[in-house]
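Some notes on the structure that comes next.
Values below: every heavy atom of this structure, side chains too, minus hydrogens, waters and symmetry copies. Below, chains carry the letters A, B, ... as their sequence lines are ordered, and counting in each starts from 1.
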Amino acid sequence: MPFGNTHNLVKLKFSSEQEFPDLSKHNNHMAKVLTPDLYERLRSKETPNGFTLDDVIQTGVDNPGHPFIMTVGAVAGDEETFEVFKELLDIVIQDRHGGYKPTDKHKTDLNADNLKGGDDLDPNYVLSSRVRTGRSIRGFCLPPHCSRGERRAVEKLSIEALDALTGDLKGKYYALKNMTEAEQQQLIDDHFLFDKPVSPLLLASGMARDWPDARGIWHNDNKTFLVWVNEEDHLRVISMQKGGNMKEVFTRFCTGLTKIESLFKERGRDFMWNDHLGYILTCPSNLGTGLRAGVHVKLPNMSKHAKFEEILKRLRLQKRGTGGVDTAAVGGVFDISNADRLGFSEVELVQMVVDGVKLLVEMEKKLEKGQPIDDLMPAQK
Amino acid sequence: MPFGNTHNNFKLNYTVDDEFPDLSKHNNHMAKVLTKELYGKMRDKQTPSGYTLDDVIQTGVDNPGHPFIMTVGCVAGDEESYEVFKDLLDPVISDRHGGYKPTDKHKTDLNFENLKGGDDLDPNYVLSSRVRTGRSLKGYTLPPHNSRGERRAIEKLSIEALTSLDGEFKGKYYPLKSMTDAEQEQLINDHFLFDKPVSPLLTCAGMARDWPDGRGIWHNDNKTFLVWVNEEDHLRVISMQKGGNMREVFRRFCVGLQKIEEIFKKHNHGFMWNEHLGYILTCPSNLGTGLRGGVHVKLPKLSTHPKFEEILTRLRLQKRGTGGVDTASVGGVFDISNADRLGSSEVEQVQLVVDGVKLMVEMEKKLEKGEAIDSMIPAQK
């Protein structure tokens, strides 16, 4: 593929106009930002690992997007991508993350003690609680760009670190490529198994290369803490359980993450992080905390209320179907989670979910009794 | 993606063991040939445009193959791929093309007058006749590797060449990205339209990047001569018509091809060709003539005869369903075409089709009358 710098140099023989992608039918963040001028300025650059502008934007060129859903249309191939191509990515980040400026600072707070409440969401309504994030290991290229050697090194390091976890975090790693049928079935039943990406958004960026080499799933014996290795990011970390005790889910999340981070540090490896963008991940939409904290909650009356969307917006929450992103709600059960990723800390985002869901459940109960909810309407957070 | 030489050099920091792909579950020509040793020898090489070993083999790594169908598992990114990576590709070519040796010479013969007969295949049985091949323009890299600028230059040059044709070849170009609904409908009805590749064999090699930019279909007003631009190869050239006059189809094929070649030569972008591999195309399976000459023929009785496969093998022919490769036959109608591509000329291959189909139709007629065909079984060609 013409993504390396030799072919990048060959490409420079063609004018910027000849190489500039046709974005006339496109609706994604990259397409809205990338002008011929900007393309010309950035096209001769590359990161120290050889990731080029065309590498960054290929997924956005190949996937014109949807009139209703604004995809990002750009990915990072390594930590340096966000610096070398900042002229493009700073604006994409700004558009995607509510006006976040190149000079803004991001705050990280993984101290679960700072969360107020969150242990008493009504389990008659809140069916399950879950927090996920991603982490990248400094010194390795990201999934769109990494080689088999790098990917395997990430896997090896991850297995070492995870195998050192103890207590209620003690668990086991299941490599995708030599999973038994029985193991596979169990992981599917537990809703843990991830499969080879089929979304063209992911495939076009090269993340599925060499599948299933060095991909795997680790989870603790209790099945409440789960790590995906080498899917869309180096690591995806998930804490989950039935019911409404988000505090416990978040506590386990923070404890586990912090332990894993120190285990990597012991082995001379840090997570990619800086004080402007927070945790560095493959997709610009996941920068900052990379955190999505959510519940599956029964809101059959609330969801039909004329002000439902407005309320979610004010609470800085978003809804999804119970199948996750781009799915529909089933039986009045919604996935409600934080909308933000960057510019707020982990504690702040989970607090919004906890407080917001508590309020939504109160509203649901009122509506069940045929009472109005006008006096419960929140201000914009 | 880590296909460029910066990242290629970076990958050399990892050992051969670290980087060598896991081919244990694979069944394709590349996987049968590529040893760790060979990988170690070639992994630091690149073609002048920056195509590397990992680029060549990515599609074969990502697509383990099928126990019954032997795919090639590697592609060329430019003309030089076949030279720089000959230690891998020569054995792949030998396996795929019946023992073709690195020292063998390939003969090109596009003089249709050298074909004997072929104008009288019984139209009661032979429903349609078709000849296709591919061509690559010298000086540009191939679809797995080329940039938007290159692809557009190929398209521009192709439009110039094709629109200068007159007489029976006079026609029109339809770019994929600006086709009207009416044009699209017509092209589908004519069975001319090609769509974005969905086969992972092709998408993993990077051929579908920037779709539909630079892609299109040209055909003559008579709808008997058709050129695909920038699909799996720079050009795919097809001559076809209803009935059994293969001679006429081949005449038009040869004349049209040679007319087009003259024009490209004038622009210093003649076709990639050498005396060892013949016409250079993206997939090693299409080297030599790149020619598939075939008919749709009714053989309901012969196809159920126990010696059908044996007869085809001896005639150096292969069968496909009427939907093309990997489809089933419908109503006893088969697509019968030459099996060889490299090591015999265009005339020789079409002669095999003409003679072979003539014989099989005779056999079908005998079987219809309840007569035996044992005396007609051919010797191995």
Side-chain angles (χ1 to χ4, degrees), chain A residues 1-25 46-52 54-55 58-59 61-64 77-78 141 144-153 156 177-178 196 200 203-214, chain B residues 1-22 24-25 46-52 54-55 58-59 61-64 77-78 141 144-153 156 177-178 196 198 200 203-214:
Chain A
M1 307 212 185
F3 298 106
N5 58 339
T6 294
H7 200 268
N8 206 40
L9 296 174
V10 169
K11 273 189 273 181
L12 294 178
K13 295 199 193 130
F14 289 83
S15 72
S16 182
E17 204 188 328
Q18 287 170 313
E19 289 291 347
F20 187 70
D22 180 349
L23 301 172
S24 54
K25 294 191 177 69
E46 61 180 78
T47 68
N49 301 310
F51 205 62
T52 64
D54 278 342
D55 291 329
Q58 190 66 54
T59 180
V61 175
D62 287 346
N63 296 290
D78 51 23
C141 294
H145 196 50
C146 67
S147 71
R148 283 179 295 272
E150 286 184 292
R151 205 183 294 112
R152 290 164 178 172
K156 188 159 180 283
K177 75 171 166 182
N178 49 28
K196 181 172 181 176
L203 295 176
S205 71
M207 293 182 215
R209 286 169 300 119
D210 314 312
W211 201 275
D213 199 311
Chain B
M1 304 208 188
F3 298 106
N5 59 339
T6 294
H7 200 265
N8 205 42
N9 292 339
F10 187 67
K11 275 188 270 181
L12 297 177
N13 291 331
Y14 288 82
T15 66
V16 175
D17 266 304
D18 286 334
E19 290 292 348
F20 186 68
D22 180 349
S24 53
K25 294 189 176 68
Q46 60 176 274
T47 67
S49 73
Y51 207 63
T52 65
D54 277 341
D55 291 328
Q58 189 65 54
T59 180
V61 174
D62 288 345
N63 296 288
D78 50 22
T141 60
H145 193 48
N146 59 21
S147 70
R148 283 179 295 272
E150 285 184 293
R151 207 183 294 113
R152 290 164 178 173
K156 189 160 177 282
K177 72 172 167 181
S178 54
K196 180 172 181 176
V198 292
T203 54
C204 290
M207 294 181 214
R209 287 170 299 118
D210 314 311
W211 201 276
D213 198 313

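A pairwise comparison of heavy atoms in D210(B) and D62(A) identifies N-OD1, 2.5 Å as the closest pair. For the residue pair Y14(B) and G149(A), the shortest heavy atom distance occurs at CE2-O, 3.6 Å. R152(A) and D18(B) make their closest contact through NH1-O, 2.6 Å (heavy atoms, listed as atom of the first residue, atom of the second, distance). When all heavy atoms are compared, the tightest approach of S147(B) to E19(A) is OG-OE2, 2.6 Å.
For T141(B), the part lying under 4.5 angstrom from a heavy atom of chain A is the side chain only. Proximity to chain A (any heavy atom under 4.5 Å) is restricted, for K196(B), to the side chain, taken from C-beta onward. No part of K13(A) comes within reach of chain B, as not one of its non-hydrogen atoms sits under 4.5 angstrom from that chain. Residue contact with chain A, scored on non-hydrogen atoms closer than 4.5 Å, is absent for N63(B). With a 4.5 Å cut-off on non-hydrogen atoms, D22(A) touches chain B through its backbone and its side chain both.
Around the NZ atom of K156(A), the shell of radius 6.0 Å holds no more than 12 heavy atoms that belong to other residues, nucleotides or ligands.
In summary, R148(A) and D54(B) engage in a salt bridge, as defined by a charged side-chain N under 4.0 Å from a carboxylate O.
Note: K25(B) NZ to N178(A) CG = 6.5 Å, rounded to the nearest 0.5 Å. Taken from CD in Q58(A) to CZ in R209(B), the straight-line distance is 6.0 Å, to the nearest 0.5 Å.
Between chain A and the residues T15(B), D17(B), V61(B), N13(B), the most heavy-atom pairs under 4.5 angstrom are made by V61(B).
Contact check for E150(A) versus F10(B): side-chain heavy atoms found under the 4.5 Å cut-off.
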Legend entry - Pair D54(A)-R148(B), salt bridge (charged side-chain N to carboxylate O under 4.0 Å, His left out): steps then yes or no: CA-CA 10 Å; D54(A) 278 342; R148(B) 283 179 295 272; 2.7 Å; yes
